[in-house]
Amino acid sequence: MLHVVTQVFNNNPISGQLPGTKEYWPSSYWLVLGIPVVFYLASVGLLAFYGESDKKNPFEYFFGSISNSLERLTGFAGWAMAGALTGLLSLLVAAIGLYWDVAWHVDFGRDKGTLFTPPHVTILFGLGGLIFAAAVSITFASLEKADTRLRFGDYIRVPWGGLLFLVAGVLAVAAFPLDALWHATYGIDVTLWSPTHLQLITGGSIGSFAVLLLLAEAWPVSKPNPHGRFWVAVATGAVLTACCTYTGEFDYRVPQFNPVYLPILIMLAAGVALVFGRLVLGRWGAVKVAISFLVIRTFLSLLVSSLHHEFARYPLFLPSALLVELAAWWVGTDNRLKFGAVSGVLIGTIGLVAETAWISASGWFPASNNAGLLIKTLELAPITAVAAAIIGAGLGRMFHRDSPKIPIGALGIAGAVLVAALMIPLPRDVSHVVATIHQTPIGNGDTVNVAVSLQPANAADGAIFFGISSWQGGGTRRVVLKETSPGSYTESAPVPVVGKWKSLLILIKGQDNMAAPIYLPIDPAIHAPEIPAQPLRVTTFKRNTSYLLREEHGGPMLPKELGYTGFIISTAVFFIVIAAAVVDLDTEVGDPSVRFGSGRSGTPARREIPGLSWQPPAPEPVPARWNPGGLTGASRRF
């Protein structure tokens, strides 16, 4: 164990790297990180310059001026908007790094020579920005003596969103050394779903909820103007984007797990984020969330593709958003459980059909007539959508608390259904299937036509996917094989078999997830020989990771135990903090008549901010969709 740790921290060559090898990249790549930093610093300077404060202390004057500018611009309490905007920019930087890193590995394979590639540094900087966002929100709230629910002594005010930023950032950044240890022990696993990678992604994704927690806690002392409401829509779009980060391998068409995960994860994201967004934003809120998501994801895909990578695909979500609006019109939103359930049913049926059509029409994945994929999708995706929508409706109480609560039992069942739906397709088994692969060169031989015969002949009947996947040669290609006679198949497009391209025959059926080689290049870094293209190859299918993760090897159990334990504990902590925040902000403390937008008499509780020359005016009655209920009450002290 000590030897492994020494390798990591002394930067000795680890598995998957050749001594003396280095990666080179244009210095312009660092603009991806530098531009957001310059933009943030310039924005801070402008806000401080145009703000007002009567504080004499330069430190307090600086922060007070920024808070004053933010309140005048958005109508939100400055302490909340300062943390929210800092968090949103940090999340954008982390998302750029994540999608860039996936594309980087799809095109180039393993990192060579250093862990600190431009994508990795961008991810790390963005996740570190979540910790900075926590410090910003806590500092502003403490200086303004904000009426937060969490206080430590008489001076430190901790918004729930700030606490979640801190927890998410620290635990996500902690995944980096665990990931380095994992790679040093077991080789470079080029997969998004290793436990250390999932810990990192989950931390970043949870940061999007921290933004909305900040805005929710500040809502009773705020009166959002159109600019402020715009940022609420952006924040809810960030939640939907965060829910979709787990499909990164699918977005670049190189999934290493069961293809049924794509519709399952799309339904999960739509159910949680669109229903939640509709409750937060009111009428047409789900559509605003979908549009915000499309703008964010289009920007990310265009930016990464401009760095000479493939354009990442993504779901449409607009049909599902319209279905959520239909559910709100049909059954209303007062009964959250009913609204969530009806929305989930619509998303999991009509929405599922629409997303499936989009996946095929957009060229994301080729259309498939495989009954196995259809059956598995219909078994798991609709119930995932219903369960996710109920969870989204429950989270909506951060903003709306005047309606009946969703029973804890219903939320518990919904959570259990989501866990089951995610676990059922996870196993990757192998059955005994022999493939006879015929390859006919085209032109100069860089590509081939492929014909396949299987034994037994019915081995691919009812398969979820049976086709050829190619990557790492300058893009990705995925072709579905078509049966020409019992047990015999051919492809409809040429398959690359030259240079750095990797091409595999993939068979996924039931719990089986298998592969056979078409062409794999030599890989001296891991002493893996070339598997050349041959006119005729008779081979037995193996588990897909035998070829997808040729870099992996065995090692001591401790790093694996640390990796899985870190992911499980981190995920549990994230959701415990979110649940505690939602319950705490939902607790009626003090005079219930003094609540913003409750429909009762009385004026909203407001705090005075010493040092600010402008205070938000007492709110006038506003439409219900921007009137989600207050968060006031006696603060809790520790």
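No hydrogens, no waters, no symmetry mates; every other heavy atom, side chains included, goes into these values.
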(request) Assess whether side chain to side chain donor-acceptor pair (under 3.5 Å) is satisfied between Thr476 and Glu310, documenting all intermediate values. (result) CA-CA 8 Å; Thr476 59; Glu310 185 177 358; 2.7 Å; yes
(request) Could you point out which residue of Ile518, Val450, Val495 forms a side chain to side chain contact (heavy atoms under 4.5 Å, CB included) with Leu505? (result) Ile518
Would you give the length of the straight line joining atom [atom1] of [X] to atom [atom2] of [Y], rounded to the nearest 0.5 angstrom?
{"X": "Leu326", "Y": "Leu322", "atom1": "CG", "atom2": "CG", "answer": "9.0 Å"}
{"X": "Leu558", "Y": "Thr185", "atom1": "CG", "atom2": "OG1", "answer": "8.5 Å"}
{"X": "Ser570", "Y": "Ile206", "atom1": "OG", "atom2": "CD1", "answer": "11.0 Å"}
{"X": "Ile424", "Y": "Thr384", "atom1": "CD1", "atom2": "OG1", "answer": "8.5 Å"}
{"X": "Ser320", "Y": "Phe317", "atom1": "OG", "atom2": "CZ", "answer": "7.0 Å"}
{"X": "Leu171", "Y": "Leu200", "atom1": "CG", "atom2": "CG", "answer": "11.0 Å"}

Quick one: do the [X] and [Y] side chains pair a donor with an acceptor below 3.5 Å?
{"X": "Thr298", "Y": "Tyr314", "result": "yes"}
{"X": "Thr484", "Y": "Thr490", "result": "no"}
{"X": "Ser470", "Y": "Ser503", "result": "yes"}

Looking only at heavy atoms, which two atoms of [X] and [Y] are closest? And how far apart?
{"X": "Val272", "Y": "Cys243", "answer": "CG1-SG, 4.5 Å"}
{"X": "Arg297", "Y": "Asp251", "answer": "NH2-OD2, 3.3 Å"}
{"X": "His197", "Y": "Leu192", "answer": "CB-O, 3.2 Å"}
{"X": "Thr436", "Y": "Leu536", "answer": "CG2-CD1, 3.5 Å"}
{"X": "Ala286", "Y": "Ala321", "answer": "O-CB, 3.4 Å"}
{"X": "Asn258", "Y": "Pro425", "answer": "CB-O, 3.7 Å"}

Beyond-backbone contact of [X] with [Y], side-chain heavy atoms, under 4.5 angstrom:
{"X": "Gln472", "Y": "His105", "value": "no"}
{"X": "Glu530", "Y": "Leu520", "value": "no"}
{"X": "Gln439", "Y": "Ile437", "value": "yes"}
{"X": "Pro521", "Y": "Asp523", "value": "no"}
{"X": "Ser360", "Y": "Trp358", "value": "no"}
{"X": "Asp101", "Y": "His120", "value": "yes"}
{"X": "Leu352", "Y": "Met267", "value": "yes"}
{"X": "Phe541", "Y": "Asp512", "value": "no"}

State whether the side chain of [X] and the backbone N or O of [Y] hold a donor-acceptor pair below 3.5 Å, judged by distance alone.
{"X": "Glu561", "Y": "Thr565", "value": "no"}
{"X": "Thr377", "Y": "Val260", "value": "no"}
{"X": "Lys509", "Y": "Gly462", "value": "no"}
{"X": "Thr202", "Y": "Gln199", "value": "no"}
{"X": "Tyr547", "Y": "Lys502", "value": "no"}
{"X": "Thr247", "Y": "Cys244", "value": "yes"}
{"X": "Ser306", "Y": "Leu303", "value": "yes"}

(request) Take Tyr252 and Trp104, measure what ring-ring contact (aromatic ring centres under 6.0 Å, His included) needs, and give me the verdict at the end. (result) CA-CA 11 Å; Tyr252 285 99; Trp104 184 284; over 10 Å; no
(request) List the steps and the verdict of side chain to side chain contact (heavy atoms under 4.5 Å, CB included) for Thr447 and Val497. (result) CA-CA 5 Å; Thr447 59; Val497 290; 5.7 Å; no
(message) Which residue in the set Tyr246, Phe465, Trp193 passes ring-ring contact (aromatic ring centres under 6.0 Å, His included) when paired with Tyr261?
(response) Trp193
(request) Assign the ring pair Tyr489 / Phe466 to parallel, tilted or perpendicular, where the plane angle (0 to 90°) is split at 30° and 60°. (result) perpendicular
(request) Let me see the working for Ile508 and Asn544 under side chain to side chain contact (heavy atoms under 4.5 Å, CB included), right down to the final yes or no. (result) CA-CA 9 Å; Ile508 302 174; Asn544 65 343; 6.0 Å; no
(message) Can you see whether Trp471 has Arg478 sitting over its ring - NZ or CZ less than 6.0 Å from the centre and within 45° of the normal?
(response) no
(request) In sequence, state the C-alpha distance, the side-chain angles, and the governing distance for Arg537 and Thr539, and then conclude on side chain to side chain donor-acceptor pair (under 3.5 Å). (result) CA-CA 6 Å; Arg537 173 178 288 118; Thr539 184; 6.0 Å; no
(request) Tell me, with the steps shown, if Ser205 and Ile201 meet side chain to side chain contact (heavy atoms under 4.5 Å, CB included). (result) CA-CA 6 Å; Ser205 299; Ile201 294 168; 4.0 Å; yes
(message) Quick check on Phe125: does its CZ atom have over 12 non-hydrogen neighbours (other residues, nucleotides or ligands) under 6.0 Å away?
(response) no
(request) Given side chain to side chain contact (heavy atoms under 4.5 Å, CB included), test Ile291 with Leu318 step by step and report yes or no. (result) CA-CA 7 Å; Ile291 293 173; Leu318 277 175; 4.2 Å; yes
